[in-house]
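To keep things clear, I will list the structure first and then write my remarks on it.
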Amino acid sequence: STIVLVFEAPSNFHFTVTAGQKVKVGEALGDI
Amino acid sequence: LANAWKHTPTKWYPLPVAVGALLLIVIQYRKRLGEREVYVDEEGHEVVKLKGPWHVHVIGALPLRNLSRVWGYVNSLELPVWLRPVGFKLYGWAFGCNLDELEKDLKEYTSLGDFFYRKLKDGVRPVADVVLVSPADGKILHFGTIKGGRVEQIKGSTYSLEALLGREIPDSSRTQVAFPTREMAEVDDKEFAAINGIEYSLHELLGTNAKGSPTSSGTSTPKPESSEGKTTATKFGERTDASVSQEGSISEVVAHDTSVATQMGVRPTLERRGSSTINQVKPGNGLFFTVIYLAPGDYHRFHSPTAWVVEKRRHFVGDLFSVSPWMAKRLENLFVLNERVALLGRWKYGFFGMVPVGATNVGSIKINFDKELRTNVGSRRGHPLGTYTEAVYSGASSILDGQPLLKAQEMGGFCLG
């Protein structure tokens, strides 16, 4: 199963993860 | 032949530069033509078709939905008590489950399906203090920005955002059926709403303070409940309407909204800054995406990635291909072909959407606040790709025009089969 997130954000939004990284519920994905 | 191969002299001639340049132009032209090859319907909308190498077509010919349902049925069978700890430990060892995070004794999980949809102990998933957190345990497959309405599946392969989330349909093509909802709401000082027992910060969800002035970004702490200045309103069993399109494939549920907020005079002071459509991205903003893959051993409930309001859901009946990274690299439009539930709404920066996508082994998607949703039932026949059923959650909270969710609040999950 997969979850796709699609969202609008200010252009200074940045992801704090890398492709292939394992994450758990509540871990940071991105910030402004 | 051997003699000719050995003794025939090779003569080299210089190739005119113009011929070489022409050849390069033709190659580039053919490449670009191939990249832009899309199927469109009579109205010019893209029609998604199965595309990929031969083994993808072989998999596509299998009755995946029936296999998924049989798999779900088998895994719902109750296991003998003596077998449960051994069986679940073996499954956990094979797929890397962390059994220390479980709250229950393994014997209390009656079936593999029950174990698969397990809950975790409280406090084992701390929540980061950032605007966006992971909604699930899994692996980040991909992330980035969305340009030209296309989402990148893998490098060089994209799919249409409109196909993923569905395009708007005119109201004229809908008819009505009944659908009950219930709501309990309290508003405290016009800044905090307690809806069905959970307290939400209105300015966190709407991006404003109660008087409508924009606020800066950042999280807010819920205010302790106070008896002063509190207004309470309750409504039960209110009717909402669902509608089905003339084609019989698209429907909408629309709440009859006798607004609690309007009765209290709250609504005029609240300014909605977000938007539930992707066509209204504000200047200075962009569209972003990320894809998280849940492996068979992962915890399979999902949580809210931020504080937001879900305004509607669109259920797309589709295929149930595996969504493993192996498949994602080979099957174009994988996330558009598969059965999925697009939850659309808004957060304080504008549009927000979350799309749980089913797969062969986990075809069923549950949404805690939507008991009407039924996934992986019936045949895909009669549900052309791109069509969906839609429910609007304005009945969930008339104050917020949708279902409010806190960051990391449990939303639902994936079940076997």
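Naming: A, B, ... by sequence-line order, numbering from 1 per chain. Since the structure is predicted, the reported quantities are computational estimates derived from the model, not experimental observations.
- The minimum heavy-atom distance linking Lys139(B) with Gly20(A) is given by the pair CG-O, 3.5 Å.
- Between Asn285(B) and Pro10(A), some side-chain heavy-atom pair lies under the 4.5 Å cut-off.
- Every residue meeting the ring pair (Phe, Tyr, Trp, His ring centres under 6.0 Å) condition with His303(B), not counting sequence neighbours, appears here in chain and number order: Tyr299(B).
- The OG1 atom of Thr2(A) sits 12.0 Å away from atom CE of Met327(B), with the distance rounded to the nearest 0.5 Å.
- Nearest heavy atoms, Ser134(B) versus Val23(A): OG-CG2, 3.4 Å.
- For the options Val291(B), Ile292(B), Val127(B), heavy-atom pairs under 4.5 Å to chain A are most numerous at Ile292(B).
- Between chain A and the residues Ala136(B), Ala408(B), Gly284(B), Pro356(B), the most heavy-atom pairs under 4.5 angstrom are made by Ala136(B).
- Considering OG of Ser1(A) and CG of Leu320(B), their distance stands at 11.0 Å, rounded to 0.5 Å.
- A pairwise comparison of heavy atoms in Phe143(B) and Val17(A) identifies CZ-O, 3.3 Å as the closest pair.
- Side chain of Glu8(A) to backbone of Lys282(B): a donor-acceptor contact under 3.5 angstrom is found.
- Taking each heavy atom of Val25(A) and Asp137(B) in turn, the nearest pair found is N-OD1, 2.8 Å.
- Using cut-offs of 30° and 60° on the angle between ring planes, the pair Trp347(B) and Phe13(A) is perpendicular.
- For Leu164(B), the part sitting under 4.5 Å from any heavy atom of chain A is the side chain, from C-beta outward, and nothing else.
- Nearest heavy-atom pair across Ala28(A) and Val130(B) is CB-CG2, 3.6 Å.
- Only the side chain of Ile146(B) comes within contact range of chain A, judged by heavy atoms closer than 4.5 Å.
- Not counting sequence neighbours, the partners of Ala359(B) by the side-chain contact (heavy atoms from CB on, under 4.5 Å) test are Val323(B), Asn361(B), Val362(B).
- The closest side-chain heavy-atom distance from Phe351(B) to Val6(A) is below 4.5 Å.
- Heavy-atom distances place no part of Glu339(B) under 4.5 Å from chain A, backbone and side chain included.
- No side-chain heavy atom of Pro305(B) sits less than 4.5 Å from a side-chain heavy atom of Leu29(A).
- Minimum heavy-atom separation, Thr18(A) to Ile140(B): O-CB, 3.7 Å.
- Leu343(B) contributes atom CG, which lies 10.5 Å from atom CG of Leu5(A) (distance to the nearest 0.5 angstrom).
- Only the side chain of Phe414(B) comes within contact range of chain A, judged by heavy atoms closer than 4.5 Å.
- For Phe335(B), the part lying under 4.5 angstrom from a heavy atom of chain A is the side chain only.
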